[in-house]
There are 2 protein chains.
Amino acid sequence: MESRKEVDSLTKWDGSAYVPHVSIDLVIFGFHDGQLKVLLLHWRTGTDWLLPSGFIHHDEDVVDAAHRSLRERTGLQAVFLQQFHTFGEAVRFKHFTKQETMIRLGFPGDTDEPLFRRHVSIGYYALVEFSEVVPTPDQFTDECRWWDVDAVPPLLFDHNDMIKLALKTLRRQLSYQPIGYNLLPEKFTMPELQRLYETILGQPLDRRNFQKRMLSYDILERLEERKTGGAHKAPYLYRFDKAKYDNVLEEGMSFVG
Amino acid sequence: MESRKEVDSLTKWDGSAYVPHVSIDLVIFGFHDGQLKVLLLHWRTGTDWLLPSGFIHHDEDVVDAAHRSLRERTGLQAVFLQQFHTFGEAVRFKHFTKQETMIRLGFPGDTDEPLFRRHVSIGYYALVEFSEVVPTPDQFTDECRWWDVDAVPPLLFDHNDMIKLALKTLRRQLSYQPIGYNLLPEKFTMPELQRLYETILGQPLDRRNFQKRMLSYDILERLEERKTGGAHKAPYLYRFDKAKYDNVLEEGMSFVG
DNA sequence: TATCATTGTGTTAAAAATACGCATTAATAC
DNA sequence: GTATTAATGCGTATTTTTAACACAATGATA
């Protein structure tokens, strides 16, 4: 279905530059139009979508490799990035077998292709500001774009499971930590923040209790401005107090230390 | 300091049988004499202690490799085993540099020794019944024994950090899940269960509120027997209702499903 | 048989989470 | 202009959960 030329360029991947058998997979969440989105890549030779992934240089920390991959796909520097699980199954093919997958991706026959060797993959999820992302494909893909989390198609490998687990982890953390800084623009209204929470948690929240809880964290700063333009009463604009926000996060989520 | 013969036998390790650059580290918790214990190994050629670790066969799931290693160190089959973090720093030496570590462990000079290549390590913690464990060293070690968690010496690599993080994870899970089944003998009293919780959490708990909460989980079965022999009033014996226990755990902690 | 430390089983108070009421406001319709 | 409408700001009850505390019962020891 694809020319040999394209397939050749795919195999130019220099596996020797990376730690073999180890990879990173990224579940990058964004929020737009009242919908939680996830960033997916489209394989050049084929019809399939998958999660952005990355490999680790020999002298590179895994977390740095994750940040690097994230930067390459989004253009963003500092984001909320959290390891959530390591996927260590020997066979990580799900909807298609290894053979089927290799054919679909343009690697017929060559069962020793380094890209398709067994990989232990470390899953990270990221929260990014939708409007600031410049979705950028990598050398294996020709398209990078946002998908609604509840409209994600069957993905390659076990990537659907990864999204599920990342979402589950995000929900748990959201329930007892004031995450959300990285998903919204600098200034936002309380209803907007609430909609974000409702979307991630998948359930409606009481307007008044939500506001009380958010303010109780003492990480929000209310501005004098109000958001005009919409019909009805103009809501106040808020802004995260970065210092206090980081502080709360540090206490609640920090590892080793 | 050690004969060449011993060092040679150490290097007989056949790295080709395993996925390179990936390892497993185990934080095995036990409970005895009102103290939380962790199982450590003593390196044959040297004075240092470290966590039990393992490697992954090419066709083996990581979680299976973890169970296998755990079995080899303890003799136990079914235990509570939970992945808690993957340690991906390029340099994981802490108290000693790589060179110092290699000398201490009897690998002078040979900087290419496969055992000392960079490893991404997947951390698991396990809860086991102290009295049923048969501590067993591996090919690199000459002793395997329990240590009080708060008397653990400086360990090789980043293993002290691993214990810290495993303990933190255990505490968090204990706070909102009825873990403990695997740390106690089949029959136990409520005070014994409470002491276990107090030890892990590191704080005293109210006797009456503790009992109420434990019973509210509806996973304990009170037996007719009482524990005699001790001075004072004889407490009832309890037993976990395995089916209900597994059920609660499944709902609260299951991944990918 | 009295003593003592510990267990079994409550009840009460405080705090947190949840449910709900009503006045205010800014765009829209008339 | 003025009334209407739907959403916001800010408040108060209610329920549920958590934490604090009291007292009788028991079994070995003195």
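Owing to the predicted nature of the structure, the values given are computational and were not obtained by experimental measurement. Below, chain A is the first sequence line, B the second, and so on; all start at residue 1.
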Taking side-chain hydrogen bond (donor to acceptor under 3.5 Å, both in side chains) as the test, write out the residues that go with R145(A), two or more places apart.
none
Salt bridge (Lys or Arg N to Asp or Glu O under 4.0 Å) partners of residues 62-87 of chain B, not counting sequence neighbours, each pair once:
E60(B)-R68(B), R68(B)-E72(B)
Taking only residues at least two apart or on different chains, which pairs with a member in residues 120-131 of chain A satisfy salt bridge (Lys or Arg N to Asp or Glu O under 4.0 Å)?
none
Residue pairs passing the ring pair (Phe, Tyr, Trp, His ring centres under 6.0 Å) test with at least one member in residues 155-192 of chain B, sequence neighbours excluded, are F93(B)-F157(B), F157(B)-H159(B), Y181(B)-F240(B), Y181(B)-Y245(B), F188(B)-F240(B)
Treating primed atoms plus P, OP1 and OP2 as sugar-phosphate and everything else as base, which nucleotides of nucleotides 9-17 of chain C get B, S or - for protein heavy atoms under 4.0 Å?
BBB------
The salt bridge (Lys or Arg N to Asp or Glu O under 4.0 Å) partners of E132(A) (sequence neighbours excluded) come to none
Spell out protein contact along nucleotides 25-30 of chain C as letters: B when the base is contacted, S when just the sugar-phosphate is, - when no protein heavy atom is under 4.0 Å; keep the 5' to 3' order.
BBS---
In whole angstroms, how far is the P atom of dG8(C) from the CG atom of L223(B)?
12 Å
Listed once per pair and sorted, the salt bridge (Lys or Arg N to Asp or Glu O under 4.0 Å) pairs that draw on residues 209-220 of chain B, sequence neighbours left out:
D218(B)-K244(B)
Under a criterion of less than 4.0 angstrom to any heavy atom of chain B, what are the 5'-terminal and 3'-terminal contacting nucleotides of DNA chain D?
dA19(D) to dA28(D)
Name the residue from I28(A), L81(A), I179(A) that meets the side chain to side chain contact (heavy atoms under 4.5 Å, CB included) definition with L127(A).
I179(A)
Test salt bridge (Lys or Arg N to Asp or Glu O under 4.0 Å) applied to D246(B) - qualifying residues, sequence neighbours left out
K242(B)
Sorted by first residue and then second, give each salt bridge (Lys or Arg N to Asp or Glu O under 4.0 Å) pair with at least one member in residues 183-205 of chain B; sequence neighbours left out.
E186(B)-R239(B), K187(B)-E225(B), E192(B)-K227(B)
V152(A): what forms a side chain to side chain contact (heavy atoms under 4.5 Å, CB included) with it, not counting sequence neighbours?
V38(A), L40(A), W147(A), L155(A), N160(A), I163(A)
